[in-house]
Amino acid sequence: MVHPPVLASDLAAAKRLARALGFLPDVDRGETTVSEADAQFVRYRVFCDSLLDNGRRCGRPADHDGPCVPPERP
């Protein structure tokens with residue numbers, strides 16, 4: 001598990017940065033969260049964690065509209 005501290009201007013910017021790293025094959029999208037430095041126990045999910053029929057997790061952002069879809073990986 002790697003926990004690099006990254007400075008972001010707000011929650012939306014932190015989520016964008018975390019999503020930008022989602023292409024990495026070792027990133028567990030379903031467990032990717034962000035938090036404030038002074039409130040690390042309050043975590044915000046970045047990707048949807050719904051399990052699809054094929055055993056994979058949804059590749060869309062958390063709280064997305066519409067159906068879940070598999071993640072796109074290069």
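The first residue in the sequence is number 1, and the count goes up from there. Only this structure's heavy atoms are used, side chains among them; waters, hydrogens and symmetry mates stay out.
Under the side chain to side chain donor-acceptor pair (under 3.5 Å) criterion, Arg16 pairs with no residue at all, not counting sequence neighbours.
Residue pairs meeting the salt bridge (charged side-chain N to carboxylate O under 4.0 Å, His left out) criterion with at least one partner in residues 33-51, sequence neighbours excluded, are Asp49-Arg57. The salt bridge (charged side-chain N to carboxylate O under 4.0 Å, His left out) pairs that include a residue from residues 59-70 number zero, where partners must be two or more places apart or lie in different chains.
By the criterion of side-chain heavy atoms lying less than 4.5 angstrom apart, applied directly or through intervening Ile, Leu, Val, Met, Phe, Trp or Tyr residues, Leu52 is not grouped with Val69; the two fall into different hydrophobic clusters.
Hydrophobic cluster membership of Val46, counting Ile, Leu, Val, Met, Phe, Trp and Tyr whose side-chain heavy atoms lie under 4.5 Å apart directly or via other members: Leu11, Val34, Phe41, Val42, Tyr44, Phe47. Other residues sharing the hydrophobic cluster of Leu17, ordered by chain and number and joined by side-chain separations under 4.5 Å: Val6.
Closest non-hydrogen pair, Cys68 versus Ser50, comes out as SG-CB, 3.7 Å. Counting all heavy atoms, side chain and backbone alike, Arg29 lies closest to Gly22 at NE-O, 3.2 Å. The two atoms that bring Asp28 and Thr32 nearest to each other are O-OG1, 2.9 Å, heavy atoms only.
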